[in-house]
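Comments concern the structure below.
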Amino acid sequence: MPLCGSAEYAKYCRNGRCASAQLARQIEILGNERARPGQRNEALKWVVHLVGDIHQPLHAANRGDRGGNRVQVSFFGERDNPPYGALNLHAVWDVNMVRRLIADRGGESAVVSAPVARDRSAWERGSIADWVDESHRIAEETVYALLPVTASCSNKIVDVVALDRTYYAKAAPVIEIQIRKAGVRLARVLNETLGQ
């Protein structure tokens, strides 16, 4: 969804070509007991992938930069993103900060540990559209707002943005919560679709 201008669903999700519409489609296939096993297996893979995707804020926001793909960055001085070339803001949120978070917390199990019942109950609420809206807000209020440069709809970022410990320290807790929310919400979707 655009951060600049109208976030009207019909404009950013033409012909169902967006994660939320595809997720709904895949959930329907997964829940269809008359569908072929191979179709349901493929749908399950897409459901897992797309639930994760909609919790990455830059998969739910576009500031005229293809969800951060056109914002060149360095992350703790690193510029390379093999085999894709130069590092960008989207890649940092997709991979680099997640890897660093896992290392900092002592492994994947520490990042995805079971949430307390109160958090789980709160995170299970809402619809897919609500979850996308939440990620969209995080992109606006965290991903872009914390950048150490002025970023506005009329001011494109043209220089390489240096992301260091300050940016990471503020972003990492948001990423950790988004990962946990995605897990809780995926469980909800699977339980509702396939039964307890």
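Note that this is a predicted model, so its numbers are computed, not measured.
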Legend entry - E108 atom CD: more than 12 heavy-atom contacts under 6.0 Å: no

Inset, instruction - Please report the shortest heavy-atom distance between I29 and A35, naming the atom on each side. - result: O-CB, 4.1 Å

Inset, instruction - Return the orientation label for the W131 and H55 ring planes: parallel under 30°, perpendicular over 60°, tilted otherwise. - result: tilted

Inset, instruction - Applying side chain to side chain contact (heavy atoms under 4.5 Å, CB included), run through L147 and L89 and close with a yes or a no. - result: CA-CA 10 Å; L147 288 175; L89 184 62; 4.1 Å; yes

Legend entry - I128 side chain near I27 side chain, heavy-atom distance below 4.5 Å: yes

Legend entry - Whether N69 side chain and R66 backbone form a donor-acceptor pair below 3.5 Å: yes

Inset, instruction - Determine yes or no for a side-chain-to-main-chain donor-acceptor pair under 3.5 angstrom, with R79 supplying the side chain and L87 the backbone. - result: yes

Legend entry - Side-chain touch V161/Q72, heavy atoms, less than 4.5 angstrom: no

Legend entry - N96/Y168 under side-chain hydrogen bond (donor to acceptor under 3.5 Å, both in side chains): CA gap, chis, key distance, verdict: CA-CA 10 Å; N96 300 69; Y168 171 75; over 6 Å; no

Inset, instruction - Kindly say whether G67 contributes a backbone atom to a donor-acceptor pair with the side chain of H90 at under 3.5 angstrom? - result: yes

Inset, instruction - Take N88 and R70, measure what side chain to side chain contact (heavy atoms under 4.5 Å, CB included) needs, and give me the verdict at the end. - result: CA-CA 7 Å; N88 62 54; R70 290 188 181 145; over 6 Å; no

Legend entry - Any side-chain heavy-atom pair of W123 and R188 under 4.5 Å: no

Inset, instruction - For N62 and D65, indicate whether the former's side chain and the latter's backbone hold a donor-acceptor pair under 3.5 Å. - result: yes

Legend entry - Donor-acceptor under 3.5 Å (D104 side chain, L101 main chain): no

Inset, instruction - Carefully, step by step, assess K181 and E134 under the rule side chain to side chain contact (heavy atoms under 4.5 Å, CB included). - result: CA-CA 11 Å; K181 284 179 180 178; E134 176 184 75; 3.0 Å; yes

Legend entry - Y144 six-ring face occupied by R63 cation (under 6.0 Å, within 45°): yes

Legend entry - Side-chain heavy atoms of L58 within contact of D94, under 4.5 Å: no

Inset, instruction - Could you give me the CA-CA distance, side-chain angles and deciding distance for L194 and R40, then say whether side chain to side chain contact (heavy atoms under 4.5 Å, CB included) is met? - result: CA-CA 11 Å; L194 301 172; R40 292 182 80 195; 3.6 Å; yes

Inset, instruction - May I ask you to decide if I54's main-chain N or O and H59's side chain share a donor-acceptor pair within less than 3.5 Å? - result: no

Legend entry - Rounded distance (nearest 0.5 Å) linking atom OG of S20 with atom CG of D133: 9.0 Å

Inset, instruction - Would you confirm whether N32, through its side chain, and E28, through its main-chain N or O, come within 3.5 Å as a donor-acceptor pair? - result: no

